[in-house]
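Take a look at the structure set out below.
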Amino acid sequence: VCAAAVLLPEGLVIPGLNDSKKLTAKKRDALYDIICESAVAFGIAFATVDEIEALNIKGATYLAMNRAIADMEPAPVLALVDGNDKNELDIPAIKVVKGDSLCASIAAASVLAKVTRDRLMIELGERPEYAIYEWQRNKGYGSAAHREAIAAHGPSDLHRISWHLG
């Protein structure tokens with residue numbers, strides 16, 4: 001799981017910035033560089049498959065979020081977080097339901113996390129040991145070809161076993 005945190009300058013408007021799920025891959029890629037260049041600070045971090053298995057996806061997501069926040073300079077004192085779950089961050093947080101559509105910093109973080117994760121999946125999909133899963137095409141989501149590859153070859157060391165046994 002990949003998470004990002006972004007502190008944008010007050011009043012900055014980035015044209016086209018929105019929830020990463022509402023943007024095309026091309027638009028997300030273009031926004032990625034603008035966000036990185038414009039941000040006062042940002043952090044991007046991962047939680048590993050083993051951490052997801054140990055903590056569950058929600059716990060691992062907060063672990064990655066805390067890592068992303070810890071990577072920021074200057075360090076934030078408050079986080080705006082999409083959703084309404086209990087705060088599991090190391091700093092105080094305000095939950096914003098549909099925040100990735102309502103708050104520029106949350107939207108920017110969603111873009112950085114999605115682009116970073118997609119780039120990693122493309123890189124992994126090009127490695128010979130993972131080529132059968134076609135991650136460069138499906139980004140690890142459950143496409144028919146991805147499910148067929150798992151059925152034929154079994155999961156890799158990067159697949160979440162508990163999800164596949166689920």
Side-chain angles (χ1 to χ4, degrees), residues 1-14 16-25 27-29 31-32 34-36 38-122 124 135 138-143 146-147 150 155-166:
V1 65
C2 183
V6 177
L7 174 59
L8 294 174
E10 187 175 341
L12 175 69
V13 175
I14 300 176
L17 181 61
N18 200 346
D19 174 356
S20 65
K21 296 179 292 300
K22 296 179 180 177
L23 301 170
T24 65
K27 184 65 174 173
R28 287 191 301 266
D29 279 334
L31 286 168
Y32 183 95
I34 294 168
I35 293 164
C36 291
S38 303
V40 173
F42 69 91
I44 305 169
F46 287 91
T48 67
V49 171
D50 290 339
E51 290 168 333
I52 296 169
E53 294 292 281
L55 300 172
N56 73 45
I57 190 67
K58 184 175 145 191
T61 298
Y62 276 102
L63 177 63
M65 289 168 68
N66 278 315
R67 288 174 175 161
I69 290 167
D71 198 34
M72 295 175 72
E73 183 59 45
V77 295
L78 177 72
L80 301 175
V81 181
D82 183 42
N84 61 1
D85 290 337
K86 176 182 149 236
N87 181 27
E88 296 182 35
L89 295 177
D90 294 338
I91 64 173
I94 297 172
K95 299 296 184 151
V96 182
V97 175
K98 299 189 182 196
D100 46 8
S101 293
L102 300 172
C103 174
S105 289
I106 295 174
S110 78
V111 169
L112 294 190
K114 176 76 171 134
V115 171
T116 300
R117 183 189 178 281
D118 285 355
R119 289 176 180 176
L120 175 63
M121 296 308 296
I122 290 166
L124 291 171
W135 287 334
N138 60 49
K139 311 297 188 292
Y141 296 109
S143 69
H146 189 184
R147 288 191 305 273
I150 294 169
S156 75
D157 60 327
L158 298 179
H159 282 94
R160 291 173 33 211
I161 302 302
S162 63
W163 187 86
H164 292 286
L165 296 176

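Just so it is clear, the structure is predicted and the values come from calculations on it, not from any experiment. For reference, positions follow the sequence shown, starting with 1.
- In terms of modelled atom types and a separation under 3.5 Å, the side chain of K114 and the main chain of K21 share no donor-acceptor contact.
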D157 and V49: side chain to side chain contact (heavy atoms under 4.5 Å, CB included), yes or no, with the steps? CA-CA 8 Å; D157 60 327; V49 171; over 6 Å; no
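- Annotation: side chain of V77 is not in contact with side chain of P92 (no heavy-atom distance under 4.5 Å).
- Using cut-offs of 30° and 60° for the angle between ring planes, the H146 and H159 rings count as tilted.
- Judged by distance alone, with hydrogens and angles left aside, the side-chain atoms of R28 form a donor-acceptor pair with the main-chain N or O of L23 at under 3.5 Å.
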Apply side chain to side chain contact (heavy atoms under 4.5 Å, CB included) to the pair R119 and D29, showing each step before the final yes or no. CA-CA 10 Å; R119 289 176 180 176; D29 279 334; 3.6 Å; yes
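- Applying the salt bridge (Lys or Arg N to Asp or Glu O under 4.0 Å) test to K86 and every residue at least two apart in sequence or in another chain returns nothing.
- The nearest pair of heavy atoms linking I14 to L31 is CG2-CD2, 3.6 Å.
- The two residues C2 and I44 come nearest to each other via the heavy atoms SG-CG2, 3.8 Å.
- Put simply, the side chain of E53 does not reach to within 4.5 Å of the side chain of T48, judged on heavy atoms.
- Residues satisfying the side-chain hydrogen bond (donor to acceptor under 3.5 Å, both in side chains) test with R117, not counting sequence neighbours, are none.
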Test log, rule side chain to side chain contact (heavy atoms under 4.5 Å, CB included), inputs F42 and I35: CA-CA 9 Å; F42 69 91; I35 293 164; 5.8 Å; no
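- Taking every heavy atom of both residues into account, A108 and L8 meet most closely at CB-CD1, 4.2 Å.
- Sorted by first and then second residue, the pairs that involve residues 67-81 and meet side-chain hydrogen bond (donor to acceptor under 3.5 Å, both in side chains), not counting sequence neighbours, are E51-R67.
- Listed for the D82 side chain is a donor-acceptor partner under 3.5 Å among the backbone atoms of G99.
- Listed for the N66 side chain is a donor-acceptor partner under 3.5 Å among the backbone atoms of D90.
- With values rounded to the nearest 0.5 angstrom, S105 atom OG is found 12.5 Å from D100 atom CG.
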Show your reasoning for whether side chain to side chain contact (heavy atoms under 4.5 Å, CB included) applies to L120 and T116. CA-CA 6 Å; L120 175 63; T116 300; 5.8 Å; no
